[in-house]
Amino acid sequence: MENPYEILGVKENCSDEELNSAYKKLAKKYHPDLNKDPEAPKMMVKINCAYDEILKMREKGISYSQYQYSQQAQNNYASSQGYYRNYSSNDIDQAIYSNFEYFYRMGIYNLAYTILQSVQNKGEKYYYYCALSLGKMGYFEEAIECAKQSHNYNPNSNTYSKLIEQLKNSKVEAEKIRKNNSPLGPFVLLIFIFVLLLILTLFIF
């Protein structure tokens, strides 16, 4: 697959504004209504595809090299469907779990979670892996629920108990960060200072 950034003539770390500007410039240059070259329509399709691919990568928060890995994995998975027909659902699920573990280690949590949804026999391991990936993506409520599902399958497991506790703590920390970054924070502080100064002024005079 040709590098979409090279097609648009921008660097991978370019800003969204630079990306959009490069796309519009090329789209204007090769649009079939403005460019009568027989190759213009093909080039326009190529430009559109490249732009769409970059938007997908940025939406998932992955680099071009990571995207190449994910595309290859998906192609391998699709081409292997005929091969897997001769195997049990458990064998297929194990192959899916292996793919999940690979992308989870790579830090591509969105893709890892998406791959996981193909599991046929959803049980203890499935919900545990869901909890791990959802937690990494910041969906703590959903992650906690999945961890609880795993715990229901195996109530004596310390792993699931610890995971639930960790997710709850992460949720609390995330909420604290959100509150501290809230635009109301400085505003409330200013009001407090204003009231304090007003009280001091009344006492002085």
Report summary line: Interatomic distance, NZ@Lys25 vs CG@Asn20, rounded to 0.5 Å, equals 14.5 Å
Query raised in the report: Salt-bridged, Asp16 to Arg58, with N to O below 4.0 Å?
Result: yes
Query - Smallest separation among heavy atoms of Lys171 and Ile144, with atom names - result: CD-CD1, 4.4 Å
Report summary line: Separation between OG (Ser170) and NZ (Lys136), nearest 0.5 Å, reads 8.5 Å
Requested in this report: Look at the rings of Tyr51 and Tyr23 and say which category their plane angle falls in: under 30° parallel, 30 to 60° tilted, over 60° perpendicular.
Outcome: parallel
Query raised in the report: Does the side chain of Pro4 come within less than 4.5 Å of Met57's, by heavy atoms?
Result: yes
Query raised in the report: When you look at Glu142 and Glu145, which way does the side-chain contact (heavy atoms from CB on, under 4.5 Å) test go after all the steps?
Result: CA-CA 5 Å; Glu142 295 84 348; Glu145 288 305 312; 5.7 Å; no
Query - same_hphob_cluster(Tyr153, Val119) at 4.5 Å side-chain heavy-atom cutoff - result: yes
Query raised in the report: Ile115 and Ile96: which non-hydrogen atoms are nearest, and at how many Å?
Result: O-CG2, 3.3 Å
Query raised in the report: Any donor and acceptor pair, going by atom type alone, linking the side chain of Asn35 with main-chain N or O of His31 inside 3.5 Å?
Result: no
Requested in this report: Determine the minimum heavy-atom distance between Phe140 and Leu167, stating which atoms define it.
Outcome: CD2-O, 4.0 Å
Report task. Determine, step by step, whether Tyr160 and Glu124 satisfy the side-chain hydrogen bond (donor to acceptor under 3.5 Å, both in side chains) criterion, reporting the C-alpha distance in whole Å, the side-chain angles of both residues, the deciding distance to 0.1 Å, and the verdict. Result -> CA-CA 10 Å; Tyr160 303 143; Glu124 181 180 344; 2.6 Å; yes
Query - Minimum-distance pair of heavy atoms, taken over all atoms of Ile47 and Ile7 - result: CA-CG2, 4.5 Å
**Report entry** Residue pair Gln149, Cys130: steps toward the side-chain contact (heavy atoms from CB on, under 4.5 Å) verdict
**Finding:** CA-CA 10 Å; Gln149 290 273 20; Cys130 278; over 6 Å; no
**Report entry** Lys122 to Tyr126, cation-pi by 6.0 Å centre distance and 45° axis angle
**Finding:** yes
Query raised in the report: Are Leu55 and Leu111 grouped together when hydrophobic residues (ILVMFWY) are joined by side-chain heavy atoms under 4.5 angstrom apart?
Result: yes
Report task. List the atom of Ser133, the atom of Tyr113, and the distance in Å for their closest heavy-atom pair. Result -> OG-CD1, 3.4 Å
Query - Pair Tyr129-Glu101, side-chain donor/acceptor within less than 3.5 Å - result: yes
Report summary line: Nearest heavy-atom approach of Glu18 to Val10 is O-CG1, 4.2 Å
Query raised in the report: For residues Ser161 and His151, is any side-chain donor paired with an opposing acceptor at under 3.5 Å?
Result: yes
**Report entry** Rounded distance [0.5 Å steps], CG in Asn152 versus OG in Ser157
**Finding:** 12.0 Å
Query raised in the report: Nearest 0.5 Å, what's the CG-NZ distance between Leu34 and Lys29?
Result: 13.0 Å
Query - Criterion side-chain contact (heavy atoms from CB on, under 4.5 Å) on Phe103 and Asn110, from CA distance to verdict - result: CA-CA 9 Å; Phe103 287 107; Asn110 287 341; over 6 Å; no
**Report entry** Close side-chain approach of Gln94 and Lys125, heavy atoms under 4.5 Å
**Finding:** yes
**Report entry** Spatial distance of atom CG (Asn121) from atom CG (Asp93) [nearest 0.5 Å]
**Finding:** 5.0 Å
Query raised in the report: Going by heavy atoms in the side chains, are Lys11 and Tyr5 under 4.5 Å from each other?
Result: no
Query raised in the report: In Å and rounded to the nearest 0.5 Å, what is the CG to CG distance from Leu163 to Asn158?
Result: 12.5 Å
Query raised in the report: Do the side chains of Lys42 and Tyr30 get nearer than 4.5 Å, heavy atoms only?
Result: no
